[in-house]
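Just below is one structure, and these are the notes that go with it.
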2 protein chains.
Amino acid sequence: MCDREHAEIDPEVTVPEPPQEPTRVRAPSIRDVARLAGVSHQTVSRVLNQHPSIRPETKQRVLDVMAELQYKPNRAARALVTSRSRTIGILSASSTHYGPASSIAAIEAAARESGYWVSTANIESSDAGSIADGLAHLRAQGIEGLVVIAPQVRVFDTLAELSIDVPYVTLQSTGRDPEHTLSVDQIAGARKATRHLIHRGHRMIYHLAGPQDWIEAEARMRGFLDEMGANDVPTTAPILGDWTAEFGFHAGRELLTVRDFTAIFASNDQMALGVMHAVRDAGLEIPRDVSIVGFDDIPEAAHFWPPLTTVRQDFPEVGRRCVALLLGDLDSSAPEYRGTIEPELIVRDSVGAPAF
Amino acid sequence: MCDREHAEIDPEVTVPEPPQEPTRVRAPSIRDVARLAGVSHQTVSRVLNQHPSIRPETKQRVLDVMAELQYKPNRAARALVTSRSRTIGILSASSTHYGPASSIAAIEAAARESGYWVSTANIESSDAGSIADGLAHLRAQGIEGLVVIAPQVRVFDTLAELSIDVPYVTLQSTGRDPEHTLSVDQIAGARKATRHLIHRGHRMIYHLAGPQDWIEAEARMRGFLDEMGANDVPTTAPILGDWTAEFGFHAGRELLTVRDFTAIFASNDQMALGVMHAVRDAGLEIPRDVSIVGFDDIPEAAHFWPPLTTVRQDFPEVGRRCVALLLGDLDSSAPEYRGTIEPELIVRDSVGAPAF
DNA sequence: TCTCGGCATGTTCACGGTCACACATGCCGG
DNA sequence: CCGGCATGTGTGACCGTGAACATGCCGAGA
């Protein structure tokens, strides 16, 4: 110390490299803390990990030094030695939609509360390559758990192929993998929607389904067909859409050229909106001429014209339970939440009695 | 080494625990690969890092062993030694909305392509504590870059207070921090929307603004006021909303009790939707009685009744540029994308000439 | 009084990579 | 013929943390 001070003053001793910016100051480590607190690094580590047998005054001294140095534990080092990343991966499709986005937000919040980080990978298309890419990306990160909100059938195949080695939860019921599933009972929801239309007197009901390879879409379709069958109402083949309002609009227009129906059950609210658009464009009124039911209850649905009768899914709850489920595997505590969540029919103004 | 081998063979020396399931097989490391390939661990590392001077056959041998062992590099170890996490953090508010969600998805895609991971933290309320929490959460993770999609004014204060030590980009123009900003020019967008109404003959125009503490909301409001001023149209005080359709509905209802306006410029499409709902509930027609312009161009806007005239923001592009900007700081390559993106007026059917 | 056990703390090593440096080989020019 | 340089590879240290084990001290029980 004395030397250095001297060196700075004495003009003769030229410091070769006055450390003007010494390759960026490295962050303080537990050893730095230890040195200043006059303890061993292990004691610092013990403070960090709430080890019981530390004298309160020692602990306090360490904590003080930590604060002074603005010490931040190094996650990489910790992950390396414990081989735990404390990171949950989310594989998500269509994360711009309200439902998935809500669940993701809830998952993040719940995970954070439990001291976990969340990392996402969005897949755009549903081809196997894209799915595998996303999965590989997450896996390379060393995630400890995986949430799949990309509910295409193919995802499950890929999941199996890649023999995912971490606990995972999927937000959709596949039927074939109940162990890892936490789902809103899409079938029950679809039945409620369909039943509502039937009870109001409709017999000619079309179903605007989601993409074939989506498990949810399939489940809602099944629910529709089941309920129709249970009530002995003849059905026509569902129309396979792509979840967008745009598709709903075109499908609606197509359907209206024949107009052999009094009601439409759309597989999500966006498609329902598109259909409503087409119906009005045709000079018809909802629900006088055509009744419509949607699915999801996005926040906007209450302000469609007319306000849309739909099936509400509690997306945040799904996200929360999902994390609980995962953490149950990971930390073997936390309550058991496995099982399904019952969606709820929200009756608004888009359904009336059939016109004829 | 000799000793150990001997011990395993000599029946007298009883191995206390025949490792039937040796506490879960640990993942293969570069040393395992090295041993099987008959090279040093350093050579394996060189293969991993595309070091130029390796004999092709050596490289191939290493690669073969890697494949055989299903070797996966350990991210934590690499991060520890290089002190690079290759992780970008996203601090986001209202991530369930279409705009932020789109940007997040684009950011994730762009980051992934560049070999970065993305981790998100959502903040619900805009209180300083919540913001600081989210930021701390990300920081504890050792993020290398930060994207802020939580455009409340307070976030910037917190950002400054916590003296964030990583490069960051905010998706909104603050005016005061152009260095770190990449933004859609909200003011220009709002002016376009307002000008459109004025050109169609409207003189009594209300503005339904977003929450006061949102920078975007403020900018759109400023754009509205600027354009009104530039055209010498007298203005009334904007109404401060919360982005929701629900609020738009109530505000619209309130406004219609007086009905001293011919047009409304809503600060986003959801609020516009709510207003439309209120207008129709009052027995009026759009655009005959009231003209409405929104902002964002969410995919549903084209199917509102009537299809909504609005201002389109290219969210994905924002996300992409954002990553480019960040990676420019990080990797000092990649083109410079700093600057603003001009939003675009999408004219549909919700604006007409004023009724009187 | 001696031993034993628990507390508070220190020492050493391991985790799985990368980096700096050393070393062997072969080619080329003086 | 020898030194220097490029190429290909190995050795050992190091990153920051936590676990196993060691140590010193103190009080309780034999």
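Here is how names work: the chains are called A, B, and so on, in the same order as the sequence lines, proteins then strands, and each is numbered from 1.
A salt bridge links B/Asp32 with B/Arg35: the distance from a Lys NZ or Arg NE/NH1/NH2 to an Asp or Glu carboxylate oxygen falls below 4.0 Å. Between B/Glu144 and B/Arg86 there is no salt bridge, since none of the side-chain N atoms of the basic residue sits less than 4.0 Å from a carboxylate O of the acidic one.
For C/dG17, the base has no donor-acceptor partner in the side chain of B/Arg75 [N/O atoms by modelled type, under 3.5 angstrom].
Heavy-atom contacts from other residues, nucleotides or ligands closer than 6.0 Å to CD of B/Glu124 number 12 or fewer.
In this structure, B/Arg61 places its CZ atom 8 Å from P of D/dT9, rounding to the nearest Å. The interatomic distance linking B/Arg84 (CZ) with C/dG17 (P) rounds to 18 Å, in whole Å. In this structure, A/His51 places its NE2 atom 10 Å from P of D/dA19, rounding to the nearest Å.
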Worksheet item: side-chain hydrogen bond (donor to acceptor under 3.5 Å, both in side chains) between B/Thr43 and B/His41: does it pass, once the steps are laid out?
Response: CA-CA 5 Å; B/Thr43 299; B/His41 66 101; over 6 Å; no

Item to complete: Show the numbers, then the answer: is there a side-chain hydrogen bond (donor to acceptor under 3.5 Å, both in side chains) between B/Thr120 and A/Glu108?
Response: CA-CA 7 Å; B/Thr120 51; A/Glu108 192 277 314; 5.7 Å; no

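B/Thr58 comes within 4.0 angstrom of the backbone, heavy atoms only, and of no base. Contact annotation for A/Val44: no contact, since no heavy-atom pair falls under 4.0 Å across all strands.
B/Thr96 contributes no side-chain N or O that, together with a main-chain N or O of A/Ala101, makes up a donor-acceptor pair within less than 3.5 Å.
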Pairs under 3.5 angstrom, nitrogen or oxygen only, protein versus nucleotides 13-16 of chain D, please.
from: D/dG16; atom 1: OP1; to: A/Arg26; atom 2: NH1; distance (Å): 2.7

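Between A/Ser45 and D/dG18 there is a side-chain N or O to OP1 or OP2 distance below 4.0 Å. The shortest distance between the side-chain N/O atoms of B/Ser53 and the OP1/OP2 oxygens of D/dT9 is not below 4.0 Å. When the side-chain nitrogen and oxygen atoms of A/Arg46 are compared with OP1 and OP2 of D/dG18, none of them lie within a distance under 4.0 Å.
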